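These numbers were taken from a predicted model, which means no experiment stands behind them.
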Amino acid sequence: MNIVVDDLSGPEIAAFLNEHVEEMKSITPPESVHALDLDGLRSPGVTFWSAMDGGSVVACGAIKRLDAAHAELKSMRTASHLKRSGLASLMLKHILAEARRMGFTRLSLETGSTDFFLPARRLYEKFGFDYCEPFAGYRPDPHSVFMTRLL
C-alpha cells in the first residue's frame, strides 16, 4: 500500500468520494452533513491523500488549513470491504505526521454523534483526540461531535 498526495483528478477517487458523500447524506440530516465534495476538497488550503493498493483507492483523508497553527481533519474514509483492518489507523498516523511536518500544532475534526460513527470516534480517541466545543464556524448540533488534539 502507498499513501500519496492526490490531485483529485482521477475517476476512481471521484467515485470513492461520491460514495462517501452519498453515505453521509443517507444517514445524517442535510443541515448536519459537513463532508466536502470534490470542489470543496480542491480548495486552497486543503491537502488530500489517497491510500492506493495496486491501482485501487482503499482509503483517503485530508486536512484543511484553518490558520497557521490549526487544521481540520476531513474526509477520512476506508473502503467498505477493508473496514476494521487497521487501514484507518495507518492513514491517520500518516496525516498526523504530515500535519506536524506542515507546521500545524493542533488538529480538530467534526464527526457524527450516532452509533454509525462510533468506530470513528473510538479511532480518534485512540489517537489522542479529546472532545471539544465547536470550532471554525461550526455550531452546536445534536448530530455532530467535535474533537481536537495537540500535535
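Between Thr148 and Leu109, the closest side-chain pair of non-hydrogen atoms is not below 4.5 Å. When side chains are defined from C-beta on, Phe48 counts as touching Cys60, because their heavy atoms get closer than 4.5 Å. Under the 4.5 Å side-chain criterion, counting only non-hydrogen atoms from C-beta, Leu123 is in contact with Ser89. Taking the side chain as every heavy atom from C-beta outward, Met147 and Leu73 never approach each other to under 4.5 Å. Considering only heavy atoms from C-beta on, Pro119 comes within 4.5 Å of Arg84 through its side chain. Ile27 has its side chain within reach of Phe117: a pair of non-hydrogen atoms, C-beta onward, lies under 4.5 Å apart. Within the 4.5 Å cutoff, the side chain of Met102 has heavy atoms near those of the Ile63 side chain. Side-chain atoms of Ser75 and Leu41, non-hydrogen and from C-beta on, do get closer than 4.5 Å to each other.
Contact between Met1 and Ala51 at its shortest, heavy atoms only, is SD-CB, 3.7 Å. Here the shortest heavy-atom pairing between Ile13 and Ser50 reads CD1-OG, 3.4 Å. Taking each heavy atom of Leu151 and Phe104 in turn, the nearest pair found is CD1-O, 3.5 Å. In this structure, Arg121 and Thr111 approach most closely via the heavy-atom pair CG-CG2, 3.7 Å.
Here OG of Ser43 is found 7.0 Å from CG of Leu36. Values are rounded to the nearest 0.5 Å. Atoms CD1 and CG, on Ile3 and Leu90 in that order, are 6.5 Å from each other to the nearest 0.5 Å. Interatomic distance, Phe116 CZ to Thr28 OG1, rounded to the nearest 0.5 Å: 8.0 Å.
A continuous path of hydrophobic side-chain contacts links Leu87 to Ile95 [ILVMFWY only; heavy atoms under 4.5 Å]. Hydrophobic clustering (ILVMFWY, side-chain heavy atoms < 4.5 Å, transitive): Met76 and Val21 are in distinct clusters. Val58 and Val5 fall within a single hydrophobic cluster, where Ile, Leu, Val, Met, Phe, Trp and Tyr are joined by side-chain heavy atoms under 4.5 Å apart, directly or via other members. Hydrophobic clustering of Ile, Leu, Val, Met, Phe, Trp and Tyr side chains at less than 4.5 Å, counting indirect connections, unites Phe16 with Met52. Under a hydrophobic-cluster definition in which Ile, Leu, Val, Met, Phe, Trp and Tyr are linked whenever side-chain heavy atoms come within less than 4.5 Å, directly or via other members, Tyr131 and Phe127 are assigned to the same cluster.
Counted within 6.0 Å of NZ on Lys74, heavy atoms from surrounding residues, nucleotides or ligands total more than 12; the atom is thus considered enclosed. Within 6.0 Å of CD on Glu22 lie more than 12 heavy atoms contributed by other residues, nucleotides or ligands. Dense packing is recorded around NZ of Lys83, with more than 12 heavy atoms of other residues, nucleotides or ligands lying under 6.0 Å away.
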Exercise. Yes or no on side-chain contact (heavy atoms from CB on, under 4.5 Å) for Leu150 and Thr105, after CA distance, side-chain angles and deciding distance?
Worked result: CA-CA 6 Å; Leu150 295 176; Thr105 58; 5.7 Å; no
Problem set entry | Step-by-step side-chain contact (heavy atoms from CB on, under 4.5 Å) determination, Ser144 to His34 | CA-CA 9 Å; Ser144 293; His34 302 290; 3.9 Å; yes
For this session: Run the numbers on Asp37 and Asn18 for side-chain contact (heavy atoms from CB on, under 4.5 Å), then give the verdict.
Result: CA-CA 7 Å; Asp37 61 12; Asn18 185 59; over 6 Å; no
Exercise. Under the side-chain contact (heavy atoms from CB on, under 4.5 Å) criterion, do His20 and Met24 qualify, and how do the steps go?
Worked result: CA-CA 6 Å; His20 173 62; Met24 295 303 100; 4.0 Å; yes
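Contact check on Arg77 versus Glu19 returns a salt bridge, with a Lys/Arg side-chain nitrogen under 4.0 Å from an Asp/Glu carboxylate oxygen.
A donor atom on one side chain and an acceptor atom on the other are not found under 3.5 Å apart for Thr114 and His143.
Qualifying salt bridge (Lys or Arg N to Asp or Glu O under 4.0 Å) partners for Glu110, counting only residues two or more places apart in sequence or in other chains: none. Residues meeting the salt bridge (Lys or Arg N to Asp or Glu O under 4.0 Å) test with Asp115, sequence neighbours left out: none.
Side-chain N or O atoms of Arg101 include none that pairs as donor or acceptor with a backbone N or O of Leu96 at under 3.5 Å. Remark: side-chain polar atoms of Asp67 are paired, donor with acceptor, to backbone N or O of His70 under 3.5 angstrom.
Relative orientation of the Phe146 and Tyr138 rings is tilted, given thresholds of 30° and 60° on the angle between their planes.
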